[in-house]
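Computed over heavy atoms, backbone and side chain alike; hydrogens, waters and symmetry mates excluded.
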Amino acid sequence: MTAAPATLDRIRRHLVGLRMPRSLEVLEHLLRQLERGEISALEAIDQLLDEELSLREGRRVKAALKMGRLLNIKTLAGFDFSFQPSLDRNRILTLAGLDFVSRHEVLHFLGQPGCGKTHLAIALAVEAVQAGRSVYFTTLAELIGSLAKAEREGTLRERIRFLCRPQLLVVDEIDYLPVIAGGGNLFFQLVNARYERGAMILTSNRGFAEWGEVFGDTVVATALLDRLLHHAIVVRIEGASYRLRRHADLLPDSSAAQSTHQPELAPRRRGRPPKLRTGNLSAAT
Ligand code: ADP
Ligand code: MG
């Protein structure tokens, strides 16, 4: 079967007009396969469209990852679950189904530095982008910095509206560095605006009872936790630091115990023990 040169010309022009560069690229190859009887006309159309769609999908994902500031890509496939036996692999894979995003829930990853909180948060965010959800990634310090800047410039409402747009907001590193004065209040305004309207993933190496210290204000911390624990899934990673897995011998005793990969050891913590203890992978509702 040979296509008439005039028809082929027209198809090429249409593909250019329709901005289908990948189809244009594969057209000749598909025609040759067609001529040799290796594929049917239907299969040729199917492959032509499939190639174009893959290209567009790849571009969409790339652009969405950049827009969502997901630059240091981590994947679930790249996560070694055997290193964190306390973590229920199936539970994480279920979370990758993204129902929590549809339900506007808050997913907390808690655990010591290096145990994979950021890795898992990013990997789930990447899954969300691939599934066509809008995502934005930030650290708590960056987020509060940007809210404080917007407040100074009189654009806080716009900034909060912008941060309410993504279906999934990841706030990484709620940790040892206390936030700037007034930061807890700014974060609360955002959390309150997103409450029951958009999903979040938060990562922290501080227990919830320590949030008063983190935010320098127990009233704000209580109000924050009221919103952030209402429709919440808490994933506590009990294991050791992946970063330090080859250097256990260089660490002081307590930390060395941490990095010897024994999940039954209680995680090292600073300050008072938290009042609110969450079991591993328990759902706080
Ligand atoms: P955290 O946020 O808990 O401090 P990260 O997620 O940043 O820790 O992990 C530290 C580094 O170790 C990252 O490069 C991450 O990709 C890697 N990592 C952590 N846990 C695992 C794991 N179980 N399998 C593979 N890589 C891991
Ligand atoms: Mg981290």
Checklist entry - Quick one: salt bridge (Lys or Arg N to Asp or Glu O under 4.0 Å) partners of K62, sequence neighbours excluded? => result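 Once residues adjacent in sequence are excluded, K62 has no partner under the salt bridge (Lys or Arg N to Asp or Glu O under 4.0 Å) criterion.
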To the nearest 0.5 Å, what is the distance between [atom1] ([X]) and [atom2] ([Y])?
X: L70; Y: Y136; atom1: CG; atom2: OH; value: 10.5 Å
X: K117; Y: S204; atom1: NZ; atom2: OG; value: 7.5 Å
X: C115; Y: R243; atom1: SG; atom2: CZ; value: 9.0 Å
X: T155; Y: R157; atom1: OG1; atom2: CZ; value: 11.5 Å
X: I174; Y: L110; atom1: CD1; atom2: CG; value: 9.0 Å

Does [X] come within less than 4.0 Å of [Y], counting only side-chain N to carboxylate O?
X: R19; Y: E52; result: no
X: R206; Y: E213; result: yes
X: E158; Y: R161; result: no
X: E57; Y: R60; result: yes
X: R69; Y: E142; result: yes

Using a 4.5 Å cut-off on heavy atoms from C-beta on, say whether the side chain of [Y] contacts that of [X].
X: F208; Y: H108; answer: yes
X: K149; Y: R152; answer: yes
X: L124; Y: L107; answer: yes
X: R91; Y: I233; answer: yes
X: L31; Y: L8; answer: yes
X: L49; Y: M20; answer: yes
X: F188; Y: L228; answer: no
X: T222; Y: D226; answer: no

Checklist entry - Which of these, H104, H230, R227, sits in a side chain to side chain donor-acceptor pair (under 3.5 Å) with Y195? => result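 With Y195 as partner, side chain to side chain donor-acceptor pair (under 3.5 Å) holds for just one option, H230.
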With clusters defined by side-chain heavy atoms of hydrophobic residues (ILVMFWY) lying less than 4.5 Å apart, directly or transitively, does [Y] cluster with [X]?
X: L55; Y: L15; answer: no
X: L24; Y: L53; answer: no
X: L169; Y: M67; answer: no
X: L168; Y: I73; answer: yes
X: L186; Y: V219; answer: no

Next on the checklist: Is it true that D172 and T139 share a donor-acceptor pair across their side chains at a distance under 3.5 Å?
Outcome noted: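 Checked: T139/D172 side chains show no N/O donor-acceptor pair below 3.5 Å.
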Next on the checklist: Under a plain distance cut-off of 3.5 Å, with no hydrogens placed, do S134 and R165 share a side-chain donor-acceptor pair?
Outcome noted: no
Checklist entry - Does atom CZ of R56 have more than 12 heavy-atom neighbours from other groups under 6.0 Å away? => result yes
Checklist entry - Is the count of non-hydrogen atoms from other residues, nucleotides or ligands lying under 6.0 Å from R12 atom CZ greater than 12? => result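 Counting other residues, nucleotides and ligands, CZ of R12 exceeds 12 neighbours.
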Next on the checklist: Tell me whether R103 forms a cation-pi arrangement with F100, defined as NZ or CZ under 6.0 Å from the six-membered ring centre and within 45 degrees of its axis.
Outcome noted: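 No; the conditions do not both hold, so R103 does not lie above the ring face of F100.
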Next on the checklist: Just to verify, what does F187 make a ring-ring contact (aromatic ring centres under 6.0 Å, His included) with, not counting sequence neighbours?
Outcome noted: F215
Checklist entry - Is the gap between the ring centers of F83 and F81 under 6.0 Å? => result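 No - the distance between ring centres of F83 and F81 does not fall below the 6.0 Å cut-off.
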Checklist entry - For the rings on Y242 and H119, is their centre-to-centre separation under 6.0 Å? => result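 Aromatic pair excluded; centres sit 6.0 Å or further apart.
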